[in-house]
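Report on the structure given below.
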Number of protein chains: 2
Amino acid sequence: MSTTETRAEHVDTRESLLDAAESLFSEHGIQAASLRAITHQAGANLAAVNYHFGSKDGLVRAVFSRRLKPLNEERLRRLAAIEADGDAERGVERVLHAFAAPLLSSARTDRERIRDFARLMGRAFSEPNEEVRGMVAQEFAETTDRFLAVLARLLPHVPERELLWRFHFTAGALSHTVSCGHLIDELSHGRCHADSDATLDYLLSFLAAGLRAPALAAPAFQGE
Amino acid sequence: MSTTETRAEHVDTRESLLDAAESLFSEHGIQAASLRAITHQAGANLAAVNYHFGSKDGLVRAVFSRRLKPLNEERLRRLAAIEADGDAERGVERVLHAFAAPLLSSARTDRERIRDFARLMGRAFSEPNEEVRGMVAQEFAETTDRFLAVLARLLPHVPERELLWRFHFTAGALSHTVSCGHLIDELSHGRCHADSDATLDYLLSFLAAGLRAPALAAPAFQGE
DNA sequence: GTCTATAGGGGGATAGAC
DNA sequence: GTCTATCCCCCTATAGAC
């Protein structure tokens, strides 16, 4: 058995740990998922987490950072492609698609591939763990700024502050859809299914209408 | 010291425990809030939780059930008042107000009074603890049915399935607004504030437009 | 790099005095 | 009803052999 072969056999212990953590964090919550359960599911030893990530917190950070940067890069790549097209029809829908599709793909295989992380992301903004929340919010901030700039051009009738709120609501609807799939099954008495192919279309038309709504008449220049 | 006086002094140990639990669950998450911290904040003894609620799970259930029924009764009371008015102007906005205002009141004092519970409710649908999720979803189901029936009359152009999805997105935007207040402060670079008096107005106009949007052209009769 | 073994702490629950 | 004291479990982290 050569050194290379030996290494090859163990190259993805780290990845296995990340996969197991992602899955168990998604299912039980970050706090409730123990390192014992994670290392067991990864087929690794309890001490492996501390060796590779230093601590449970280190593992948590790694689980998020592995996916966050690619997610937001994909969003920005799609946004740039739309901008390059000039202001075509249905600009708002296309921008929303660029934002939501990477988390809520309409291709079933993609959806399953990212399901655990998507559920985790949906809860990340309300995560009690401050470090996680801060990390996600920071990564999210850059993307938000870019999307807001494009939406502001497409929706010149919406004052800046109101657009910020509308984008906040947009993020909320997406988060909820991504992390509370089960709920639609229940509250529709089985008439809707979380993993329906039409979910993304329904979501985009709903959100686009909300973003395009006339601006509020009164407020806007109170002290807030 | 009479028996009555003695009782009077201790009548609200139970309530103190519920208040402390609500506050600490909201701040740290259910799993992360320990009975030791809760009883300490309540000025009660560690054993008090087991005496009054049987277990931590019992306490969790009590924290939710104390507020859930009044919340949904208030929503239904407001909904009934709207229906009694006949189909006046801005019906969708008024229905949404009946749904959202009890959790996201525009009166600052009310908001502070229910803030902890609202944050808890916002996370409840994605709560990893199955029992909590089930309990909240069940209580929520009856309210949902009533609101959906009224919305269906106000929005006859929206097919049933699409309306279910739109209500799901509505619940998501509300949940997020209620549990992730901090986020709007950050991603707006300080230009918006979570506890702004205008939040409810912004939310209602956004959601009403989404609910009123034209129905999707294509799907609707696929196998889903 | 990976393992075993264990330290060290905190958790929920309960028995029994008052 | 409320307290103290304690049981027993599971957790994370680490030391040290391999």
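All figures in this text were calculated on a predicted structure; none of them were measured in a lab. Below, chains carry the letters A, B, ... as their sequence lines are ordered, and counting in each starts from 1.
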Leu59(A): partners by side chain to side chain contact (heavy atoms under 4.5 Å, CB included), with sequence neighbours left out: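 Once residues adjacent in sequence are excluded, the partners of Leu59(A) under the side chain to side chain contact (heavy atoms under 4.5 Å, CB included) criterion are Leu18(A), Ala21(A), Phe25(A), Leu35(A), Ile38(A), Val49(A), Phe53(A), Val63(A).
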
Side chain to side chain donor-acceptor pair (under 3.5 Å) partners of Asp110(B), counting only residues at least two apart: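 Applying side chain to side chain donor-acceptor pair (under 3.5 Å) to Asp110(B) gives none.
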
Partner residues of Gln41(B) under the side chain to side chain donor-acceptor pair (under 3.5 Å) criterion, sequence neighbours left out: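 Here the qualifying residues are Ser23(B).
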
Strand-adjacent residues in residues 50-66 of chain A, judged by heavy atoms under 4.0 Å from DNA chain C: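 DNA chain C contact set from residues 50-66 of chain A: Tyr51(A), His52(A).
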
Nucleic acid contacts of residues 35-47 of chain B, taken as heavy-atom distances under 4.0 Å to DNA chain C: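 The answer is Leu35(B), Arg36(B), Leu46(B), Ala47(B).
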
Separation of [X] atom [atom1] from [N] atom [atom2], in whole Å?
| X | N | atom1 | atom2 | result |
| --- | --- | --- | --- | --- |
| His28(B) | dG10(C) | NE2 | P | 15 Å |
| Gln31(B) | dC10(D) | CD | C1' | 11 Å |
| Leu24(B) | dG11(C) | CG | P | 12 Å |

Pairs touching residues 178-190 of chain B that satisfy side-chain hydrogen bond (donor to acceptor under 3.5 Å, both in side chains), sequence neighbours left out: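 Those involving residues 178-190 of chain B are Asp145(A)-His189(B), Asp185(B)-His193(B).
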
With Glu127(B) via salt bridge (charged side-chain N to carboxylate O under 4.0 Å, His left out) - residues at least two apart: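 In terms of salt bridge (charged side-chain N to carboxylate O under 4.0 Å, His left out), with neighbours along the sequence ignored, Glu127(B) is linked to no residue.
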
Any residue meeting salt bridge (charged side-chain N to carboxylate O under 4.0 Å, His left out) with Asp19(A), in chain and number order, not counting sequence neighbours: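 Counting only residues at least two positions away or on another chain, Asp19(A) forms a salt bridge (charged side-chain N to carboxylate O under 4.0 Å, His left out) with Arg66(A).
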
Between Asp197(A) and Ser106(A), a side-chain donor and acceptor under 3.5 Å: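 Looking only at side-chain atoms, Ser106(A) and Asp197(A) do not form any donor-acceptor pair under 3.5 Å.
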
Sequence neighbours excluded, every pair satisfying salt bridge (Lys or Arg N to Asp or Glu O under 4.0 Å) that has a member inside residues 55-64 of chain A: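 Qualifying pairs, neighbours excluded: Arg61(A)-Glu131(A).
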
dG1(C) OP1/OP2 closer than 4.0 Å to side-chain N/O of Thr13(A):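 No, outside the criterion.
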
N or O in side chain of Ser34(A) less than 4.0 angstrom from dC11(D) OP1/OP2: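 Ser34(A) to dC11(D) OP1/OP2: side-chain N or O found under 4.0 Å.
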
